[in-house]
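Encoded as structure tokens, the structure appears first; notes follow it.
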Amino acid sequence: MPTFQTVRGMRDLLGEEAQIFAYIFGKARNNAQVYGFKEVMTPLVEPLELLSAKSGEEIRQRMFIFKDLGDRQVALRPEFTASIARLATTQLKTEPKPLRLFSVGSVYRYDEPQKGRYREFYQGNFELMGSSKPEADAEIILLTNNLIRTLGLKDYAFKIGQVGVIRGILSQNGVDEKVQNAVLQRMDKKEYDAAFQLLNDEKSRIMLEGLLKIKCRNWQETIDQIKAHVVGYEKAEAAAKNLFEILELVSKSANLTINVEPAFARGLEYYTGLIFEVYIPELEIAIGGGGRYDRLIEAFGGDPTPAVGCAVGIDRIAIAMQTQNTILQAGEGKKVVVIPISEAIRVEALKIAQNLRVEGVTAEFEVMGRKMSKALEDADKRKFDYAVIVGEREFNEGNVVIKELAKREQTVIPIGKLIEKIKS
Ligand code: HAM
């Protein structure tokens with residue numbers, strides 16, 4: 001038999017890495033809870049048509065597509081947004097708005113594998129549906145910031161733009177939507193020459209080049225410059241004004257680094273307003289991204305429903321946490337191993353282990369039948385806090401032996417005092 005490997009771009013997560021992922025999942029769930037987002041779980045496999053409709057060429061070309069045995073064209077989800085928009089047009093259609101929905105899980109893109117870029121990766125995803133107000137955009141930026149902050153990451157920044165500025169210019173100059181999409185996709189990759197070559201009209205080219213040249217000290221000045229640059233382009237002016245309103249709300253209610261980039265574009269086609277990415281300059285990769293998509297739900301056959309959302313890349317956050325040596329906050333408490341001295345006392349020892357778990361203590365029971373010294377050696381090596389040793393004589397007197405492994409101290413204590421001692 002050959003030795004099997006994982007499929008290219010996909011990984012097993014073990015040990016410390018699995019622990020970090022689980023930690024981030026937990027923090028993402030907790031963040032969802034404090035912002036009032038309810039968790040939903042959607043299928044990993046969706047109709048190809050749904051996933052490819054408005055995602056953009058970039059994602060369409062990188063999907064894992066196959067026919068199921070019923071000859072249906074399906075694909076592995078490359079993101080959550082399409083699935084959540086589908087929910088808003090079906091089961092949740094009549095729910096009162098706004099909807100605040102959270103999901104976490106794996107997504108699949110046939111990207112070229114490298115550090116921080118995988119074909120199977122994990123996202124924590126937040127969607128706020130039903131509001132066109134800047135307050136909703138602000139909430140999405142604030143919750144992203146809160147999640148990254150509570151994970152203990154430092155020196156991260158928000159790169160922010162408003163896709164309505166570029167689209168507003170191009171529409172008013174008569175550039176059709178397909179060309180606009182292609183231009184935005186190239187601008188997302190910073191291939192500006194290739195993007196501008198797609199434009200036949202000189203006016204649009206000069207306008208976009210002008211956006212690229214704007215450089216200011218802070219986001220307020222940058223937006224002022226954008227406004228001055230797009231005078232006469234009504235939709236672009238409105239987009240710049242909208243961005244100012246959003247960022248004023250955000251910056252007055254939290255402390256975060258905001259960089260407005262006038263020529264910032266995203267390859268995802270459904271965005272209609274705010275767009276942003278969170279990145280850590282030292283890593284040069286985005287750890288999250290999002291934006292407003294006011295027409296997606298309608299495009300899926302639902303009622304016109306404005307929406308805004310974001311997704312964080314859990315794999316990349318894990319890399320950032322490792323690079324920045326972020327300490328996981330102890331949420332686990334003490335770890336205990338319970339060892340019966342002989343077979344005769346194993347039922348009683350098992351009951352003690354059970355009681356510890358009921359009280360929320362992590363307790364491993366000795367299931368290998370090893371000698372006491374071996375079991376203790378193992379617990380010591382795996383950095384357990386305590387060993388609870390259950391012997392017949394002590395048990396009959398209502399006691400157990402508790403050994404504090406780091407200090408190598410052991411005492412006999414009443415069984416009733418065990419929890420108190422471990423939690424102290
Ligand atoms: P996205 O920017 O395509 O947005 O992806 C979000 C995050 O997923 C990225 O910032 C990055 O951290 C992570 N990511 C993307 N590709 C990879 C990869 N190949 N390997 C590892 N991590 C990756 C979306 O997916 C939108 N659905 C976000 C959204 C929600 N917009 C509105 N609502």
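Treat the numbers as computed from the prediction; the structure is a model and nothing was measured. Each ligand, and each atom within it, is numbered from 1 in the order the structure gives.
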Practice item. Determine the minimum heavy-atom distance between F365 and R357, stating which atoms define it. Key: N-NH2, 3.6 Å
Practice item. Please confirm whether G288 comes within less than 3.5 Å of ligand 1 when only nitrogen or oxygen atoms on both sides are compared. Key: yes
Exercise for review: Identify the protein heavy atom lying closest to atom 13 (C) of ligand 1, giving its residue, its atom name and the separation to 0.1 Å.
Suggested key: G313 CA, 3.7 Å
Point to revise | Part of R119 within contact of ligand 1 (heavy atoms, under 4.0 Å) | key: neither
**Study point:** Geometric N/O contact R117 with ligand 1, under 3.5 angstrom
**Key:** no
Exercise for review: For the pair F244 and W219, name the ring-plane relationship: parallel under 30°, tilted 30 to 60°, perpendicular over 60°.
Suggested key: tilted
Revision key, fill the gap. Closest non-hydrogen contact found for P306 with R292 is CB-NH1, 3.6 Å
Review point. Counting each atom of ligand 1 from 1 as listed, which ones have a heavy atom of G290 under 4.0 Å away?
Key: 31 (N)
Point to revise | Option of least heavy-atom distance to atom 31 (N) of ligand 1 (set: Y110, Y271, Y293) | key: Y271
Review point. Going through the checks in order, is the ring pair (Phe, Tyr, Trp, His ring centres under 6.0 Å) test met by F37 and F102?
Key: CA-CA 6 Å; F37 282 61; F102 164 73; 8.0 Å; no
Review point. What protein heavy atom sits nearest atom 16 (N) of ligand 1, and how far off is it?
Key: F121 CZ, 3.3 Å
Review point. Do other residues, nucleotides or ligands put more than 12 heavy atoms under 6.0 Å from R60 CZ?
Key: yes
Review point. Relative to the heavy atoms of I287, which atoms of ligand 1 are at a distance of less than 4.0 Å?
Key: 10 (O), 12 (O)
Practice item. Distance to 0.1 Å, residue and atom name: give those for the protein heavy atom nearest to atom 21 (C) of ligand 1. Key: G116 O, 3.3 Å
Check your understanding: Just wondering, more than 12 heavy atoms not from R205 lying within 6.0 Å of its CZ?
Key -> yes
Review point. Are the side chain of D385 and the backbone of K335 linked by a donor-acceptor contact shorter than 3.5 Å?
Key: yes
Point to revise | Verdict with reasoning, N259 to E261, per side chain to side chain donor-acceptor pair (under 3.5 Å) | key: CA-CA 6 Å; N259 298 321; E261 291 200 7; 5.9 Å; no
**Study point:** Test item, Q123 contacting ligand 1 (heavy atom, 4.0 angstrom)
**Key:** yes
Check your understanding: Does any N or O atom in Y118 lie less than 3.5 angstrom from one in ligand 1, N or O only?
Key -> yes
Point to revise | Identity and separation of the nearest protein heavy atom to atom 27 (N) of ligand 1 | key: E79 OE1, 2.5 Å
Review point. Has R119 got its NZ or CZ under 6.0 Å from the middle of the six-membered ring of Y110, at an angle within 45 degrees of the ring axis?
Key: yes
Check your understanding: Is A286 close to ligand 1, meaning an N/O of one under 3.5 Å from an N/O of the other?
Key -> yes
Point to revise | Nearest protein heavy atom with distance in Å, relative to atom 2 (O) of ligand 1 | key: R266 NH2, 2.9 Å
Exercise for review: Working to the nearest 0.5 Å, report the span between OH of Y279 and CD1 of I287.
Suggested key: 11.0 Å
Check your understanding: Hey, does the Lys NZ or Arg CZ of K421 hover above the aromatic six-ring of Y386, less than 6.0 Å from the centre and inside 45° of the axis?
Key -> no
Practice item. Give the single entry among D111, I59, L268 that approaches atom 19 (N) of ligand 1 most closely by any heavy atom. Key: D111
Review point. If hydrogens are left out, which of P78, A82, G289 has an atom nearest to atom 28 (C) of ligand 1, that is, the closest non-hydrogen atom?
Key: G289
Practice item. Would you check whether Y270 reaches within less than 4.0 Å of ligand 1, judged by its heavy atoms? Key: yes
Exercise for review: Return yes or no for this condition: an N or O of E127 is under 3.5 Å from an N or O of ligand 1.
Suggested key: yes
Review point. With backbone taken as N, CA, C and O and side chain as the heavy atoms from C-beta onward, which portion of N125 lies under 4.0 Å from ligand 1: side chain, backbone, both, or neither?
Key: side chain
Review point. With a cut-off of 6.0 Å (strictly less than), are more than 12 heavy atoms of other residues, nucleotides or ligands near CZ of R72?
Key: no
